[in-house]
Amino acid sequence: MARTSSLSGFPEWLPDGRVVEQHVLDSLRRTFELHGFAGIETRAVEPLSQLLRKGETSKEVYLLQRLQEESDDAGEVDAERRLGLHFDLTVPFARYVLEHAGQLAFPFKRYQIQKVWRGERPQDGRFREFTQADIDVVGADTLPFHYEVELPLVMAEALTALPIPPVRVSVNNRKVAQGFYEAIGLEDVEGTLRTIDKLDKVGPEGVARLLMDEVGATPEQAAHALELADISGTDASVADQVLALGARSPLLDEGLGELVALLEAAHELSPGTVVADLKIARGLDYYTGSVYETTLLGHEDLGSICSGGRYDSLASDGRRTYPGVGLSIGVSRLLARLLRDDLATATRPVPSAVLVAVTDEEHRRASDRVARRLRARGIPTDVAPVAAKFGKQIRYADRRGIPFVWFPGADGDEVKDIRSGEQVSADAGTWAPPEDDLLPRVVRADPAAAR
């Protein structure tokens, strides 16, 4: 390949960016497992018929096809045999639950961290190939409400452990919105939800026009829907604000009860983490209860970095229904902002803590023996590629961020911290670098310096 060209929407991080990514993934995995979530991985492809069940995503699916695909007599591949790359982790998870229901213990708590592919226009924080991290709890036929409280708090804990600015988890309840719309006479509830979901994009006036032009709302109904969307808060006063609008219905009362219960539990367990924001609609129609969106404070222009909600039917086999609640982090979306704005950096781009110098090529095996002894004790070690002057070998280590250079000697070995210049006698069987230098670390940006 004489020349190459980059493909937009398919990120490739440099080694120091990859260190940050691995730190993020390891931290998420650790938090999820602390809360009892079991890790799974599903295949990258699903039948096209399953992927197209969400009709609005059909233009985003990447097809999987061999160069010389077998065709039927009409020259077209059987639609039932066509495969596509999954565009999220929900569709494959639903299929996974149905296929393995007999071997799973419910409620089933799972986390899944995988690549997904989506054929949308690349832009800031949006890619065609990206990594997602999902957590879900799924029940068989029923799922207690308390999981709608647990999940956003688990995700908030996972995000707080990352080297990122503070986050805000905003919550709503679809029963509140649906009950309110029905009470004021709006018949197209799903259309209203999808339109309200566009508030951040087109503003209140644009949403009001869409509600009247596309949903059939009267000016008064549009105004009431926008009044509901303007309500926010952190305690039971949210319910008082909703009821002050004058609409009542059993579904609205049920939704307000659940929303207040979520806010009160979140305030007790993690004060300041969860905020009610009644403009959050989550346009997908399979959400039936609590819905969540998470923003990075100071980076609201990035949009939601983590979202999800309660659904009463993840999947059904005709005999049993599997309700659940889940959230998904756009890991690549988050990572792109971390790296772009230097919000988190790696202390070095390579794992090596030590570079063993080579006196001359005749004595390279002596250097290799030192490296083997250090590696056997869990110390990441590299050996100099050429037996250049020691000054050049030190510069080689410095360019790669390797903090220590080891010098084998006939009268004893020495190791040098090339940052401080300190050089001491050392034995490969006992010496170890300080714990902070053993592996690359990820460092948060100093907020004061960022300002």
Between [X] and [Y], is any side-chain donor less than 3.5 angstrom from a side-chain acceptor?
| X | Y | result |
| --- | --- | --- |
| Asn173 | Glu258 | yes |
| Ser304 | Glu293 | no |
| Glu150 | His35 | no |
| Glu264 | His267 | no |
| Glu157 | Ser270 | no |

Contact summary for [X] and [Y], nearest pair of heavy atoms:
| X | Y | result |
| --- | --- | --- |
| Ile184 | Ala247 | CG2-CB, 4.0 Å |
| Leu335 | Gly17 | CD2-O, 4.4 Å |
| Leu338 | Val24 | CD1-CG2, 4.4 Å |
| Ala94 | Ala315 | O-CB, 3.9 Å |
| Thr321 | Ser313 | CG2-OG, 3.7 Å |
| Ala225 | Leu211 | CB-CD1, 4.1 Å |

Closer than 3.5 angstrom, by distance alone: can the side chain of [X] be matched with the main-chain N or O of [Y] as a donor-acceptor pair?
| X | Y | result |
| --- | --- | --- |
| Thr381 | Ile379 | yes |
| Gln178 | Val176 | no |
| Arg320 | Leu98 | no |
| Thr160 | Ala156 | yes |
| Ser332 | Thr131 | yes |
| His86 | Arg43 | yes |
| Ser249 | Gly179 | yes |
| Asp88 | Val91 | yes |
| Thr218 | Gln221 | yes |

Check ion pair [X]-[Y] (N to O, under 4.0 angstrom):
| X | Y | value |
| --- | --- | --- |
| Asp253 | Arg248 | yes |
| Asp197 | Arg194 | no |
| Lys115 | Glu41 | no |
| Asp312 | Arg310 | yes |
| Glu190 | Arg174 | yes |
| Arg400 | Asp382 | no |
| Arg30 | Glu33 | no |
| Arg333 | Asp124 | no |
| Asp141 | Arg319 | no |
| Glu120 | Arg128 | no |

Quiz prompt | Parallel, tilted or perpendicular: ring planes of Tyr96 versus Phe108, cut at 30 and 60 degrees | solution = parallel
Practice problem: Determine the interplanar angle of the Tyr287 and Tyr311 rings, folded into 0 to 90°, and report it as parallel if under 30°, tilted if 30 to 60°, perpendicular if over 60°. | Solution: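 Tyr287 vs Tyr311 ring planes: tilted.
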What do you reckon, is [atom1] of [X] surrounded by more than 12 foreign heavy atoms closer than 6.0 Å?
| X | atom1 | value |
| --- | --- | --- |
| Glu268 | CD | no |
| Arg168 | CZ | no |
| Arg340 | CZ | yes |

Quiz item: Are Tyr111 and Phe37 close enough that their ring centers fall under 6.0 Å?
Solution: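 Distance test on ring centres: not under 6.0 Å, no.
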Quiz item: How about Tyr322 and Phe106: are their ring centres within less than 6.0 Å of each other?
Solution: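 Distance test on ring centres: under 6.0 Å, yes.
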Quiz item: Stepwise, does the side chain to side chain donor-acceptor pair (under 3.5 Å) test hold for Thr42 with Gln112?
Solution: CA-CA 8 Å; Thr42 60; Gln112 189 171 351; 2.8 Å; yes
Practice problem: Among Val238, Leu259, Asp277, find the residue that satisfies the side chain to side chain contact (heavy atoms under 4.5 Å, CB included) test when tested with Val171. | Solution: Leu259
Quiz item: Under 6.0 Å from the six-membered ring centre of Phe93 and within 45° of its axis: does the NZ or CZ of Arg110 meet both?
Solution: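 Relative to the ring axis of Phe93, which defines the angle, Arg110 lies inside both limits.
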Quiz prompt | Arg419 charged N/C atom sitting above Phe404 aromatic ring, 6.0 Å / 45° | solution = yes
Self-check item: Between CG on residue Leu51 and CG on residue Leu83, distance to nearest 0.5 Å
Solution: 9.0 Å
Quiz item: Rounded to the nearest 0.5 Å, how far does CG of Leu327 lie from OG1 of Thr294?
Solution: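 Reported to 0.5 Å precision, the distance equals 6.5 Å.
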